Q: 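Please read through the structure below; I'll follow up with questions.
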2 protein chains.
Amino acid sequence: MAIRDTGTEQLIKDTAMRIFFAEGKFNATTQDIADAAGVARTVINYYFRSKDALFKLVFKEAMDDTKRRLDEVLLSSMPFKKKVVTFIDVFFIELNKYPYKESFMISEINSQSFVMPDDRHSAALEPFFKEIKQAMDMGEVRKMLPINFVLNLFSLIAYPLLTRPLFKHMLEIPDAKFEQLMQERKKMILELLFI
Amino acid sequence: MAIRDTGTEQLIKDTAMRIFFAEGKFNATTQDIADAAGVARTVINYYFRSKDALFKLVFKEAMDDTKRRLDEVLLSSMPFKKKVVTFIDVFFIELNKYPYKESFMISEINSQSFVMPDDRHSAALEPFFKEIKQAMDMGEVRKMLPINFVLNLFSLIAYPLLTRPLFKHMLEIPDAKFEQLMQERKKMILELLFI
DNA sequence: TATTTGTCTGACTAAAATGTCAAACAAATA
DNA sequence: TATTTGTTTGACATTTTAGTCAGACAAATA
């Protein structure tokens, strides 16, 4: 007989993603996930064999998803500056839906058992570097190693959101204020990156 | 009788710090730490009562240590630009000794059980903001919210080191090359922050 | 030296989490 | 409808990890 699609497999993956990336419970157990999904814990073994296998799968799919979303922007035919603006927006939306995703990824990547999937080289990066160089030649952006432009872009967007709880406390600002600050940062980042 | 200082308590703390921050083993067990320190696992209970208590203590001491080191720079009487340069250097040295410390902190802060210690407000921050404003008025740095200047400073330094394994792979660069890139970033960051 | 007392250890207990399996259940199909 | 087969469940077993405790050990000191 063919495989029956009861939606359970997807439900478990979605629930795991929610728990990890939206709720920030990095050390969730299989029981936690099963409870949240409303299924018996053993279905996780049925569909994914082991906890580890589920975790690895969810991680890989999350990485691929992010990559796809960002590549789509990088490979589009927008003019350079508009592309960067869109890139920032997409990044912000992603981090709004899954505030802990980035942090989770970093933990995983930095962990011992982690092995980087082979296909991590983005095909979108190479041509984007060319565009950066062009923009530099045209005096649109400050001259530096194109790699540093990309690093700066990621850094300026992601870091404040990663360390959000720390900074919110250090600077004694409430949620709404922080949100507003982040919106202002979007503009500021552009002004910083472009001349 | 007085407490005998056998150095074991400190040894355990140092070992835990090494395992967490230098080796990146975030999920180390008490057995792992005891083995690495060359003591029986139960001494951890003897000195720290529970695993949780040890973890909390190590975390707090690490936070305090970082804070002290950075505050020292911020409160010094150097001229503004030199202060920022020194700040960047200190940050780099710290992240060189304990590459995973920042990542560990972020995980912890983002975790459920985490409660922020009360005394997190740095007395050094207030006067530093004043200095930033002055530098802006003097046209030394780009005009923006002083808070954004600080966020940018942290972001540009820390993020690439946090995501090091990811970027190293994505960009296919070996260790030495990455190290060199980070050194170049120091200069680039200054050029970006100062006019 | 004898005693006290802080330090350390190994054996045991307890708790938490993962994995296995037989059987129940339900959807497809003969 | 009867049978097949994919799905789901609960009971049980295993593994992993943390905590307790009595006693061994060793440094201080009376």
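Residue numbers begin at 1 in each chain, while the letters A, B, ... track the order of the sequences. All values derive from a computational prediction rather than experimental measurement.
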Q: Salt-bridge test for Asp14(A) and Arg18(A): reply yes if a basic N is under 4.0 Å from a carboxylate O, no otherwise.
A: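 A salt bridge is absent here (no side-chain N lies under 4.0 Å from a carboxylate O).
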
Q: Roughly how many Å is it from NZ in Lys51(B) to C1' in dA17(C), rounded to a whole number?
A: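 For the pair Lys51(B) NZ and dA17(C) C1', the rounded distance is 13 Å.
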
Q: Nearest whole Å is fine: how far is dG10(D) P from Ile44(A) CD1?
A: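 These atoms are roughly 14 Å apart.
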
Q: Determine: side-chain N/O of Thr8(B) to OP1/OP2 of dC8(C), distance under 4.0 Å, yes or no.
A: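 For Thr8(B), the contact criterion (side-chain N or O under 4.0 Å from OP1 or OP2 of dC8(C)) is met.
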
Q: What is the distance, rounded to the nearest whole Å, between atom CG of Asp35(A) and atom C1' of dA16(C)?
A: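 Atom-to-atom, Asp35(A) to dA16(C), this comes out as 14 Å.
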
Q: One thing to verify: whether Arg69(A) and Asp65(A) come together as a salt bridge, which I'm taking to mean a side-chain N less than 4.0 angstrom from a carboxylate O.
A: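 Salt bridge present between Asp65(A) and Arg69(A).
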
Q: Given dT8(D), is OP1 or OP2 found less than 4.0 Å from the side-chain N or O atoms of Tyr46(A)?
A: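 The answer is no; no side-chain N or O of Tyr46(A) sits under 4.0 Å from OP1 or OP2.
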
Q: Hey, is Asp89(A) close enough to Lys82(A) for a salt bridge, meaning N to O under 4.0 Å?
A: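 No salt bridge links Asp89(A) with Lys82(A).
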
Q: Under 4.0 Å, heavy atoms only, any strand: does Tyr47(A) hit a base, just the sugar-phosphate, or nothing?
A: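 Counting heavy atoms under 4.0 Å across all strands, the contact made by Tyr47(A) is with sugar-phosphate only.
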
Q: Within the pair Thr42(B) and dT9(C), is there a side-chain N or O less than 4.0 Å away from OP1 or OP2?
A: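 No, because none of the side-chain N or O atoms of Thr42(B) sits under 4.0 Å from OP1 or OP2 of dT9(C).
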
Q: Which whole-number value in Å describes the distance from Arg49(B) CZ to dC21(D) P?
A: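 Roughly 11 Å, once rounded to whole Å.
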
Q: Can you check the Phe48(B) CZ to dC8(C) C1' distance for me, whole Å?
A: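 Going from CZ in Phe48(B) over to C1' in dC8(C) covers 14 Å.
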
Q: When the distance from CD1 of Ile33(A) to C1' of dA16(C) is rounded to whole Å, what number comes out?
A: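 The distance from CD1 of Ile33(A) to C1' of dA16(C) comes to 16 Å, rounded to the nearest Å.
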
Q: Between dG19(C) and Arg41(A), counting only base atoms on the nucleotide and side-chain atoms on the residue, is there a donor-acceptor pair under 3.5 Å?
A: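 Side chain to base: pair found, below 3.5 Å.
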
Q: Do Lys81(A) and Glu140(A) meet the salt-bridge criterion of a basic N to acidic O distance under 4.0 Å?
A: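 Between Lys81(A) and Glu140(A) there is no salt bridge, as every charged N stays at least 4.0 Å from the carboxylate O atoms.
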
Q: Quick one: Asn45(B) CG to dT13(C) P, roughly how many Å, whole number?
A: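 Taking atom P of dT13(C) as the reference, CG of Asn45(B) is at 17 Å.
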
Q: Would you indicate, yes or no, if dC8(C) has its OP1 or OP2 atom less than 4.0 angstrom from a side-chain nitrogen or oxygen of Thr6(B)?
A: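 Answer yes for this pair, as a side-chain N or O of Thr6(B) is under 4.0 Å from OP1 or OP2.
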
Q: Establish, from distance only, whether the side-chain atoms of Thr29(B) and Asp32(B) form a donor-acceptor pair under 3.5 Å.
A: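 Yes, because at least one side-chain N or O of Thr29(B) sits under 3.5 Å from a partner of the opposite role on Asp32(B).
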
Q: With a 3.5 angstrom cut-off on both distances, give the Watson-Crick or G-U wobble partner of dA30(D), or none if there isn't one.
A: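 dT1(C) is the nucleotide pairing with dA30(D).
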
Q: For the side chain of Thr29(A), counting heavy atoms from C-beta on, which of dT17(D), dT9(D), dA17(C) is nearest?
A: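 Among the listed nucleotides, the one closest to the side chain of Thr29(A) is dA17(C).
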
Q: Mind calculating the distance between CG (Asn27(A)) and P (dA16(C)) to the nearest angstrom?
A: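 So the two atoms are 16 Å apart, to the nearest Å.
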
